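What follows is a set of notes on a single structure, which appears directly below.
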Amino acid sequence: MSCFLRNDHCFLGKCIVILLVITLCNIARLTEGSKVEEEEENWNNDNDIYFAQSTPLEGPSSFLGREMRDGILAAFHEVNRLGGVWGSKKLRLISLDDRYEPVYSKQNTDFFLNNVSLPVNSPGYNSSLLYGNGKPMAWKRIFGLMGYVGTPTTQIVFDELITKKIPLIGSTGARWLRTPFNNNIINIRASYDDEATAMVNYLVNEQLVSKLAVFYQNDSFGMSGFDGSMRALNYLEISLSSSGTYTRNTLNVEQAFIDIAKGNPGGIICFSLWAPTAKFIKMVKDEALKEGKDRLYKRDDIIFTIVSFVGSSSLTKQLLKYAKDEIANGVNIPIDFYTRNVLITQVVPSPTNLTYPIVQSYQRARKSYIQTNGGDISQFIPTFIELEGYVIGKFIYHVLLNIYGNLTRSNFLYSVYNAGSRDWSVGDFNGKTFVFDAVQIGPFKDCNIVDKLDSLLGSNGTSTFNCDVTYSCNQGLKVVYLTSLKTSESSVSFKMHGIPFTWYSFGKSSMSTCISDIRLIPKPPYDTQSIIIFVVVPVVVLFIIIIIVLSLSWSIRRYYLQKKALEHAPKSGKMAIIFTDIQNSSVLWQKNAKAMKESLEIHNQIMRTNIARFKGYEVKTNGDSFYIVFKDPLNAIDWAIQTQHDLLTSEWPSDLYNSFDCRQEWDQETKTLLWSGLRVRMGINFGKANCVFDQTTKRNDYFGTAINRAARIEASAHGGQILVSEKFFLHTWSLAKNSIYTEVNFSKDNFEDYVISINSELKEITEKTSSSTATTNFSSSISGQNYLKRDGYVVHDLGEFSLKGLQGKTRLFQVKSKLISRRTYSLRLKNAVSLSDLEYAKLPPKNNTSQNNLVMPVQVENAESGKEEEPIVKQKSVKRNVVVPITDI
């Protein structure tokens, strides 16, 4: 070997010797092999190569067997359609039902290998009738077994397969199928150890779950998963929190549910089949719907990681069905309640992801097989297990393409492991790798194959090849995918989660082993105590600081928001009070709730926009009724007029106009719109009220007789009508003089006496309000850009009324603007009894008099029709063109 390193001529000579030795070795092997092959059974002259499968075709686990079978048949169909293999031989598969029970698997295997008749009452016998057209099928020479999907159903025939060197291709993920090494057991899928390692790595290093539990089937399949989980946890020095088991082919998971709850896990690893797994997940997640003290599982965010052989499609369909059933029963849960935080490991890529060439080939072959057999390809749903079966079938084809010598079982096995090339530069035997459709299967390595080469090429008894028998490998795929579930109302789809867990290139030693190197899992660089000291404590402290800062920020923000909200809220004292309500709103809601819902949003928007505009304060609302107060009474009347304008000109839902109380009406004479949409009545009063701050609502509330009187005035009004009290009218008149009310109509015959009383009261109001303040309020109201530009309001004195629930008399005035001046209302007010004769005196200012004088001719309303008539002078009551000076205002 030292010569090899130092001298090129020596290297050339050494290579020649090596080639000669290889040739001699192959000749020797073929010479020995020819003698064996004279005795070994071969399939050289057969038209078909038969493979056999014992698998569940009926019962709870039947989907596993059926999907595996269908995938293999798709691959064989593709090969046969292209002319077959090894001299146009066709590949055939015989599948017999074992119901996932070992005893039936043993019966089927004895029939395959030894031509032992099947018991008439066995499930295998019933499925064999399909091959014999209703009669027991004739025995066929079986080249090899494949697609045994059950760990316990494979274990029962394992010893016989080892003894007879029968090839078994593509079985389960159990560790004992990989170690100790047997070259006739050819595994395609990753092992359960690999899947468990990927699960633990995800839960510990990605989700930071510290408490893990294992839910597993109480047989060799479940124990394989349990052992694989413990292998990874022991390496990470993490204790298992709890575990629970159930019996195969049952749904008795109740005891496992109780046992696992004792550990209060954050993650649960499941090595189980779909039906018991679905029931277990539902039981755990239903705990979140219970009261805290009655719950066995305290956490709502438990993560479930489930082995690939669970049957992904069947599991997800059942979980979706659970959610739909609960929702139909009135339980308020989202549709993904049972699939949330559920992840499934897979040994092949997504069968629907056509970016993978192997998926394209699988779907094309599967559809062709369905069509050839008269099926409907629209019903085809790709599955992970079908894709795995297709890969197994395709692998067998590629082995047969490269077989050496006669078509025998031993040559088939030799073709799996014989690479045909070696890396002589480092003296390693790398094994054989198969690559098709961008899938790498292998390397497969059997160090026994090069034992003779080792002895022939060794120098002084020293081996030249590094091929320790413990590095032999009979597993092809070295990758595990993690899939999460995406749920909709109609289906559940699979989404690849993160980067696949793979060990194809993890160091030289991992290339020499079948199962994943446990060193692939990063060890957390900390223990529990370190986590508490260096992570938990600082995080908690930081969290507390953040909470304090956020609380202070929120308190400051809330303070300023409250201050802003109370900016226009009057304190205790005199103020303007307004109540509003929609006419016949209850009837409108009953007739057309949808239109009223839209209309109320428009109504509320108008009210609140104008409240902000005219500096009012919304005390509260009750249904569609508003309760508002204003510091400045001029703002109050401007708000009422502007709101009536906006309600009239707004665009309401078309259905609303069909209601009698919301119909559109036009003035026949002026052709102007008088009524449209919701009709809102308004009552306004001015007086003293006490302000009380409500600690619950954090808003001002107001109490007093003035508040009650305003509410009663509003209740007396008709829809679209503005009624004000005498105090409110006189106070606004004192502030704005004649600029606010361009026309006032009184209802007293003895209006001269009433004017005197007005003068007296106005003088009293003016004396209580300094002239500077009055002037400021008035000027700010009429000149500020946020206020209504008045063209003068018309006032009608309706007379004195007794209001419901109030003692004494209340004089009411009706206020209109130019836009709504031609509206008419019933003379009979609601909830009020008139105390006057309803005769009106009109008082327009005379052109040749000063602004401080009013001329008051008489006008009378027709009490029956409610329409105004032309002014009629009552000579006994008043004198025409009497000028009454109002000089003290």
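Keep in mind it's a predicted model, so treat the numbers as computed, not measured. All residue numbers refer to positions in the sequence shown, counting from 1.
Formation of a donor-acceptor pair under 3.5 Å by the Asn108 side chain with backbone atoms of Phe111 is not found in this model. Between the Tyr417 side chain and the Asn183 main chain, a donor and an acceptor come within less than 3.5 Å of each other. Side chain of Arg409 to main chain of Phe143: a donor-acceptor pair is present (N/O by atom type, distance under 3.5 Å, no hydrogens or angles). Side-chain N or O atoms of Asn474 include none that pairs as donor or acceptor with a backbone N or O of Phe181 at under 3.5 Å. Proximity of a side-chain donor or acceptor of Thr153 to a complementary backbone N or O of Val149 within less than 3.5 Å is not detected. Without hydrogens or angle criteria, Lys432 side chain to Ser415 main chain gives a donor-acceptor distance under 3.5 Å. When atom types are taken as modelled, the side chain of Gln363 and the backbone of Pro351 share a donor-acceptor pair closer than 3.5 angstrom. A donor-acceptor distance shorter than 3.5 angstrom exists from the side chain of Ser171 to the backbone of Tyr148, with no hydrogens or angles considered. A donor-acceptor pair is defined here as one N or O able to donate and one able to accept, closer than 3.5 Å; such a pair exists between the side chain of Thr483 and the backbone of Ile344. Put simply, the side chain of Asn182 gets close to the backbone of Pro180: a donor and an acceptor are under 3.5 Å apart.
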**Asked** What do the steps show when you test Ile162 against Ile185 for side-chain contact (heavy atoms from CB on, under 4.5 Å), and what is the final call?
**Response** CA-CA 8 Å; Ile162 299 303; Ile185 308 299; 3.8 Å; yes
**Message:** Working note: Phe271 + Ser229, criterion side-chain contact (heavy atoms from CB on, under 4.5 Å); need CA distance, chi angles, decisive distance, verdict.
**Reply:** CA-CA 10 Å; Phe271 276 83; Ser229 302; 3.9 Å; yes
**Message:** Show, in sequence, the C-alpha distance, side-chain angles and deciding distance for Leu477 and Val439, and conclude whether the side-chain contact (heavy atoms from CB on, under 4.5 Å) test is met.
**Reply:** CA-CA 9 Å; Leu477 292 173; Val439 173; 4.0 Å; yes
**Request:** Kindly indicate, with the supporting measurements, whether the criterion side-chain contact (heavy atoms from CB on, under 4.5 Å) is fulfilled by Phe412 and Leu407.
**Result:** CA-CA 7 Å; Phe412 177 87; Leu407 185 54; over 6 Å; no
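Qualifying ring-ring contact (aromatic ring centres under 6.0 Å, His included) partners for Phe384, counting only residues two or more places apart in sequence or in other chains: Phe494. In terms of the salt bridge (charged side-chain N to carboxylate O under 4.0 Å, His left out) criterion, residue partners of Lys106 (sequence neighbours excluded) are, by chain and number, Asp110. In this view, Thr372 and His77, Ser368 satisfy the side chain to side chain contact (heavy atoms under 4.5 Å, CB included) rule, not counting sequence neighbours. Applying the side chain to side chain donor-acceptor pair (under 3.5 Å) test to Arg99 and every residue at least two apart in sequence or in another chain returns Asp97. Residues forming a side chain to side chain donor-acceptor pair (under 3.5 Å) with Glu67 (at least two apart in sequence, or on another chain): Thr383. In this view, Asp98 and Ser54 satisfy the side chain to side chain donor-acceptor pair (under 3.5 Å) rule, not counting sequence neighbours. Partners of Thr305 by side chain to side chain donor-acceptor pair (under 3.5 Å), not counting sequence neighbours: none found. For the ring-ring contact (aromatic ring centres under 6.0 Å, His included) test, no residue two or more places apart in sequence or in another chain qualifies with Tyr104. By the ring-ring contact (aromatic ring centres under 6.0 Å, His included) test, Tyr125 is found to be paired with no residue, residues two or more places apart in sequence or in another chain being considered.
You'll find the side chain of Thr151 stays beyond 4.5 Å of the side chain of Gln217, heavy atoms only. The closest side-chain heavy-atom distance from Phe395 to Met146 is not below 4.5 Å. Proximity of Lys164 to Asn114: side-chain heavy atoms (C-beta onward) are separated by under 4.5 Å at one or more points. Considering only heavy atoms from C-beta on, Ile94 comes within 4.5 Å of Phe112 through its side chain. Looking only at side-chain heavy atoms (C-beta outward), Pro102 and Arg248 come within less than 4.5 Å of each other. Two residues are said to be in side-chain contact when any heavy atoms from C-beta on lie closer than 4.5 Å; Gln53 and Leu93 meet this criterion. Within the 4.5 Å cutoff, side-chain heavy atoms of Thr55 are placed close to those of Leu57. With a 4.5 Å cut-off on side-chain heavy atoms, Leu400 and Leu91 count as touching.
Ring-centre distance between His398 and Phe434: not below the 6.0 Å cut-off. Centroid-to-centroid, the aromatic rings of Tyr192 and Phe221 come within less than 6.0 Å.
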Distance-only donor-acceptor pairs under 3.5 Å for side chains of residues 307-314, two or more places apart:
| unit_1 | atom_1 | unit_2 | atom_2 | d |
| --- | --- | --- | --- | --- |
| Ser308 | OG | Arg189 | NH2 | 2.8 |
| Ser308 | OG | Glu195 | OE1 | 3.1 |
| Ser308 | OG | Glu195 | OE2 | 3.0 |
| Ser312 | OG | Gln346 | NE2 | 2.9 |

Per-pair distances, 0.1 Å, donor-acceptor, side chain in residues 58-65, under 3.5 Å, sequence neighbours excluded:
| unit_1 | atom_1 | unit_2 | atom_2 | d |
| --- | --- | --- | --- | --- |
| Glu58 | OE2 | Arg66 | NH2 | 2.8 |
| Ser62 | OG | Gly59 | O | 3.0 |

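The residues Lys394 and Asp437 are annotated as salt-bridged, a charged nitrogen and a carboxylate oxygen being separated by less than 4.0 angstrom.
Heavy-atom neighbours of Leu82 CG from other residues, nucleotides or ligands within 6.0 Å: above the threshold of 12.
Note that OH of Tyr50 is 15.5 Å distant from CG of Leu145, once rounded to the nearest 0.5 Å. To the nearest 0.5 Å, atom CG of residue Leu413 and atom OG1 of residue Thr408 are 8.5 Å apart. Within the model, atoms CG of Asn44 and CG of Asn406 stand 4.5 Å from one another, a figure rounded to the nearest 0.5 Å. A distance of 13.0 Å separates CG of Leu113 from CZ of Arg141, quoted to the nearest 0.5 Å. Annotation: the span from Ile72 atom CD1 to Phe51 atom CZ amounts to 10.0 Å, rounded to 0.5 Å. Note that CD of Gln475 and CG of Leu177 are 10.0 Å apart. Values are rounded to the nearest 0.5 Å.
Pairing each heavy atom of Gly144 with each of Ile166, the nearest pair is CA-CG2, 4.5 Å. Residue Ser128 comes nearest to Met137 through the heavy atom pair O-CB, 3.6 Å, listed as atom of the first residue, atom of the second, then distance. Residues Gly228 and Asp193 come closest through the heavy atom pair CA-OD1, 2.9 Å. Shortest non-hydrogen contact noted between Glu101 and Asn249 is OE2-ND2, 2.7 Å. Across every non-hydrogen atom of Ala438 and Pro357, the tightest pair is CB-CG, 3.8 Å.
Residue pairs satisfying the side chain to side chain donor-acceptor pair (under 3.5 Å) criterion with at least one member in residues 85-94, sequence neighbours excluded, are listed as follows: Asp48-Arg92.
In this structure, a donor-acceptor pair under 3.5 Å is absent between the side chains of Arg175 and Ser191. Side chains of Asp194 and Ser516: a donor-acceptor N/O pair is present below 3.5 angstrom, by distance only.
Between Glu78 and the choices Tyr397, Tyr369, Tyr390, the side-chain hydrogen bond (donor to acceptor under 3.5 Å, both in side chains) rule is met once, by Tyr390.
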